Amino acid sequence: MSLTFRLAFRNLFQDRLRFVATVIGIVFSIVLVIIQSGLYLSFERMVTTMIDHAPADLWIVPLGTKCFEDPSLLDEHDREHALSVQGVVEAIPILIGFTQWTVPNGGTTPVFIIGSDGDGAGLHPWNFVEGSLAALSAPHAVAIDRTYFARLGITGIGDTTEIREQKAQVMAITSGIRSFTTTPYVFTSLDPAQIYVGTSKSRVSYFLLHVSKDADLIRIRQQLQARISKIEVLTPDEFRNRSRAFWLFGTGAGAALFVGALLGAIVGTVIVAQTLYSSTRDHLAEFATLRAIGSSNTYIYKVILWQALLSAVIGFTLAAGVAIVIVQLTAETALPIVMTPELTVGLFLLTVVMCIVSAFSAIIQVMRIDPARAFTQ
Amino acid sequence: MTEPVIQAVDIVKVLGKGASQIQALRGVSLTLACGELILLMGPSGSGKTTLLSVLGCMLTPDSGTVRVHGQSTTDARPKDLAKLRRDHIGFVFQSYHLFPTLTALDNVRLALDIRGAPAKSAIAKAQDVLATVGLPHKMNAFPGELSGGEQQRVAIARAIVGGATAILADEPTGALDSENGHAIMTILADIAKDPSRGVLVVTHDPRIVPFADRIIHMEDGRSYAALAS
Ligand SMILES: Nc1ncnc2c1ncn2[C@@H]1O[C@H](COP(=O)(O)OP(=O)(O)O)[C@@H](O)[C@H]1O
Ligand SMILES: [Mg+2]
């Protein structure tokens, strides 16, 4: 073990109370950052869930669409124009929209309808726990997620109810398809969706395009734009980015999470800086001695940086433990906090940077020491 | 004659700022040669510590020159001064200034560690020197577990372990009883017998006089040679 490390370690642990206070400070700050960035990641994932699960090569969306939940509509006849473009193999119409679900034992609750044709090539539910996609082709058949049973007043498969006063029967049940808006998703085919949402037969929300393998996407987009008015053609990535931009930044939700994370990091930095500063002040005589006996500045910085790094590693380890518990506790909620390996590594680096930045105040303090003070004390 | 360890000529040093400014050294010259032990005596406030700081390259003089092994400190940057201290000078302070969280062995080893010595040889050397100052059995004791005399021995071991040729001690026995003070001075006098080393000891203590090869008196920032008894 190097002497600089030993010195740092002992300096840090000599005042236990202060050390505990530092670690608690770091843990609080890092946990705050983890929660904020975990929510951000979670939110970022959830706003694109539907786009992620749609097997589209390209999307035709109404001009100016801001996110997947956007209520603008297209004309179903545009499908013919889309199919007339060379290389477009399939254009599957999808209708989405908010509507009212009649809770069987009284009242109504809002739901979000996703109606898609396409026999597996459209936007269909996934993670079936009962029933299957095939069951959705029956008249009035809908699929819901089991997490929303209580909200929707459903006890199991086969239950019937009404959506906008039209008959609906639960024919499939999924697990884990949750909405960040907390409004339950209800999957069905296109025709019933139009009835449930209350649009006319000729209106749809999107066309989900499949193109042939060797197709030239740029040409296809140009031709689609030329042939159909008031639409945009987006790749799944573009659509995702647009949805994210709208929900995370258009609404201010992302900015709030980001500011929260930033505040957490600042608080952590200040706390560590405070402790390193006061720990250094307590050991000023020793640092003066080091300077007096001729140690280089680098050697002294090493001692202080080891202290910073030790605080970082210990604080981060505990914070990560707390975070794991939080991740587990929120796993079944509408907005589970997400921890990815990248986020973990990123946060560890952030903690280290935080602690190193904190070390500056201590380092500046030590640089000002007059080595001659070793004689006068 | 071999080159002096430290040679100071006409040192002037002003300390403090504004109204409290004081000329602590008013043209002091002093040469510390190899193999000698100089005692620096004088009343409190006469400039002894200031002179030691200048000779030890902790302070640079306002005028006059200090040469350490022929190397001038005039215009030296703090970094160069640190290197001069590291390479040539060993300090012994009145209040020991040991690191309370490190064992005696680590305290001594520290002086080698700042020189970048490999840990293994540093430990072996530190053990040797601790044995030389009479503490072979206290290697793993912390300063808090040692008596004042023992702590000062550790400090002396730290001062000499790196091969310093100038040992500068500021009232090293000031906090010790006469028996321990005598023991410390014996060690310092032994060090001064090494023909490659010179020792300069600041003291108030007349009991130390017999150890000196030379005595220099200070008064109001000026030095006066006095004969050794
Ligand atoms: N940092 C300082 N600022 C101003 N005056 C100082 C400082 N250090 C010492 N002095 C003054 O310089 C003079 C010499 O001090 P010093 O060398 O410590 O004397 P000694 O060690 O002989 O007691 C004293 O008058 C002291 O008050
Ligand atoms: Mg003094």
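Computation of the quantities below employed the complete heavy-atom set of this structure, encompassing side-chain atoms and omitting hydrogens, waters and symmetry-equivalent molecules. Letters go in sequence order (proteins before strands), and every chain restarts at 1. Computed from a predicted model, the values in this text were never measured in an experiment.
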Margin query: Tell me if the CZ atom of A/F5 is crowded by more than 12 foreign heavy atoms within 6.0 Å.
Written below: yes
Checklist line | Residues from residues 17-29 of chain B approaching chain A under 4.5 Å (heavy atoms) | finding: none
Margin query: Do the side chains of B/K125 and B/D128 get close enough for a salt bridge, i.e. N-O under 4.0 angstrom?
Written below: no
Margin query: I'd like to know which of A/L290, A/N297, A/N11 tops the heavy-atom pair count under 4.5 Å against chain B.
Written below: A/L290
Check: A/E286 versus chain B, heavy atoms under 4.5 Å apart: side chain, backbone, both or neither?
Finding: both
Next item on the list: Could you look at B/R158 and say if it's the side chain, the backbone, both or neither that has a heavy atom under 4.5 Å from chain A?
Entry: side chain
Next item on the list: State whether a side-chain donor-acceptor pair under 3.5 Å links B/T49 with B/D170.
Entry: yes
Margin query: Can you confirm whether more than 12 heavy atoms, excluding those of B/D75, are under 6.0 Å from its CG atom?
Written below: no
Check: So, A/S278 and A/R18: side-chain donor and acceptor under 3.5 Å apart, yes or no?
Finding: yes
Notebook entry, point to check: Of the listed residues (B/A164, B/G56, B/G90, B/P100), which shares the most heavy-atom pairs with chain A below a 4.5 Å separation?
Noted result: B/P100
Margin query: Any donor-acceptor pair under 3.5 Å linking the side-chain atoms of B/D194 with those of B/S196?
Written below: yes
Margin query: Quick one about B/S223 and B/H217 (side-chain donor to acceptor, distance below 3.5 Å, no hydrogens or angles considered), yes or no?
Written below: no
Note to self: Suppose we call two aromatic rings close when their centres sit under 6.0 Å apart. Are A/F258 and A/Y40 close by that rule?
What the structure shows: no
Notebook entry, point to check: Heavy-atom distance under 4.5 Å to chain A: side chain of B/L110, backbone, both or neither?
Noted result: both
